[in-house]
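Throughout, a chain's letter reflects where its sequence line sits, starting with A, and its residues are numbered from 1.
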Amino acid sequence: MVAIPSRHKSLVLLAGVIVLQVLMLAVQIKRDSEGRLIRVWTVGAVSPFERAGSYGFGWIRDIWRHYFALQNTTKESEQIRRENDALKLQITQLQGKAAEADRLAALLNFRQSQASVPMIGARVIGTGAGTASLTIQLDRGERDGIRKNMGVITPDGVVGKVVEAYPNASQVLLLTDKESGVGAMLADSRVQGPVGGLGEPLLVMKYVPNDDTVNLGERVITSGMDRIFPRDLPVGTVSEIKPGNQFKQIRVKPAANLERLEEVLVLLSLRSLEMKNEENTGDPQPPPPGAPNPPRAAKR
Amino acid sequence: MNEAFDIRGESHIEVHKFRTGAIIIATLLALVIQASFPIHFAKTAVLDLPLLVTIYFGLSRRNPSTGLLLGMVVGLLQDSLSGPKVPLGLYGIAKTIIGYLASSIGARLDTEHPAARFALTATFFVAHQGLIVLTRRILLSQPEPWFSMHLVGAALANALVAVFLFLLLDRLRKN
């Protein structure tokens with residue numbers, strides 16, 4: 001048996017570890033279906049810390065915004081501020097609470113206006129740990145009725161879809177990710193075409209023929225054809241139009257602020273949406289690239 | 001005596017030891033911050049704290065086997081937290097190699113000076129991104145650009161943060 005020189009042991013270990021991970025990658029590519037157990041364990045173990053971290057950072061951010069960031073201003077009125085310090089601090093705290101209450105009230109109003117569509121509010125507690133995919137993590141999961149492929153929205157518009165549901169948390173693929181997609185149409189001309197992400201802040205609307213008229217600033221809404229989102233939800237507004245070889249190159253600014261999400265709504269019932277689509281059967285449209293197969297109805 | 005000395009060739013390079021649990025706690029903290037911070041401060045998404053921690057402990061411990069194993073664990077945890085669209089092993093492979101390189105270089109050079117740390121971190125960051133692009137192109141058939149100005153900016157930002165972060169992590173060393 002050939003002995004490995006000690007100075008080469010680490011090199012052999014490196015090669016072994018790399019080969020092992022490459023094999024692991026290969027296995028995943030072959031069986032790209034359900035989530036892996038290591039993901040469930042890792043997310044289960046880390047999500048409580050993320051949750052705590054999220055609240056902690058929120059507290060630090062509020063202190064920063066409401067105290068330190070105002071230092072220059074307060075120097076000019078230091079005398080007055082001394083007299084009113086306690087009162088201002090109290091007001092600041094109340095303003096923070098009021099802002100949160102406003103956001104939650106907006107969510108509640110939207111929720112009540114869409115009473116026929118079952119949905120659940122969730123707080124964003126984390127983002128993807130790398131830049132390879134654009135995901136966020138929610139503080140609610142399977143135990144709250146959330147399932148894979150459910151749509152996620154805010155009152156402003158479409159956010160993305162659930163790509164993994166864990167017992168107490170879930171991961172959402174944002175609309176701006178390269179593999180995201182939603183069935184959409186132009187609000188005025190009713191021209192349909194899938195909208196997807198590019199890994200950038202702007203989205204792209206595909207397969208709109210050069211002959212169709214599209215206006216800058218025109219609203220883009222969901223078509224309901226992907227069987228994930230109901231019709232007429234805001235997706236974004238047209239921000240750039242260029243003629244292409246056969247189809248226009250249309251860039252869309254998302255309606256929801258995807259870079260600053262704090263609370264979102266998850267559309268729980270897929271069955272009722274399917275029924276809506278059946279009622280509103282229009283021109284057939286191919287599903288957008290990256291769109292999932294029609295999901296199963298959620299258990300409630 | 002808390003310091004161990006390792007003789008490689010003719011040079012005497014100090015191998016640093018850390019307080020009990022320091023590496024595990026610092027690694028987990030880096031992962032949690034990486035996942036939580038960008039919600040509140042979107043610009044911080046350019047930072048790769050798990051990579052910085054891998055580089056730091058690789059440079060300090062100066063043991064290639066430990067460095068590559070730490071890189072592998074950190075990378076796989078980061079893969080697991082990056083959603084199902086990121087296959088397990090993407091960051092794992094990149095950070096394994098970076099952990100190995102950092103500890104190998106740390107065993108040959110004195111990497112305590114802030115300027116050396118800045119330069120090494122920037123280089124390792126670019127190499128890390130290059131390995132990810134390479135893995136994507138070869139193993140996953142996903143075309144990705146090799147170079148962008150964003151990469152340069154991100155490398156410099158990470159290197160700058162590393163200088164201060166490493167000073168903080170130095171405090172975890174045993175005296």
**Study point:** Leading residue by heavy atom contact count with chain A [cutoff under 4.5 Å; candidates B:Leu77, B:Leu49, B:Leu68]
**Key:** B:Leu68

Practice item. With a 4.5 angstrom heavy-atom cut-off, could you sort out which part of A:Val22 is near chain B: side chain, backbone, both or neither? Key: both

Practice item. Could you tell me which non-hydrogen atom of B:Leu88 sits nearest to which non-hydrogen atom of A:Met24, and how far apart they are? Key: O-CE, 3.7 Å

Review point. Of the non-hydrogen atoms in B:Asn158 and B:Asp48, which two are nearest, and what is the gap between them?
Key: OD1-N, 2.8 Å

Practice item. Answer with yes or no whether the side chains of B:Arg61 and B:Ser103 bring together a donor and an acceptor at under 3.5 Å. Key: no

Exercise for review: Specify which of A:Val163, A:Leu14, A:Leu261, A:Ile60 makes the most heavy-atom pairs with chain B at under 4.5 Å.
Suggested key: A:Leu14

**Study point:** Between A:Gln21 and B:Thr96, a side-chain donor and acceptor under 3.5 Å
**Key:** yes

Point to revise | Contact class of B:Leu51 relative to chain A, heavy atoms under 4.5 angstrom | key: neither

Check your understanding: What part of B:Phe41 lies closer than 4.5 angstrom to a heavy atom of chain A: side chain, backbone, both or neither?
Key -> side chain

Check your understanding: Is the ring centre of B:Phe18 less than 6.0 Å from the ring centre of B:Phe57?
Key -> yes

Review point. Given that the side chain runs from C-beta out, which part of A:Thr135 has a heavy atom under 4.5 Å from chain B: side chain, backbone, both or neither?
Key: side chain

Check your understanding: Is it the backbone or the side chain of B:Thr66 that comes under 4.5 Å from a heavy atom of chain A, or both, or neither?
Key -> neither

Review point. Quick one: does B:Arg108's side chain have a donor or acceptor within less than 3.5 Å of a partner on B:Ser104's backbone?
Key: yes

Check your understanding: Out of A:Ser47, A:Gly56, A:Gly53, A:Gly126, which one racks up the most heavy-atom pairs below 4.5 Å with chain B?
Key -> A:Gly126

Point to revise | Check: A:Glu50/A:Gln137 side-chain N/O donor and acceptor closer than 3.5 Å | key: yes

Review point. When heavy-atom pairs shorter than 4.5 Å are enumerated against chain A, which of B:Gln34, B:Gln78, B:Glu144, B:His40 gives the highest number?
Key: B:His40

Check your understanding: Between B:Gly92, B:Pro38, B:Gly75, B:Ala45, which shows the greatest number of heavy-atom pairs under 4.5 Å with chain A?
Key -> B:Gly92

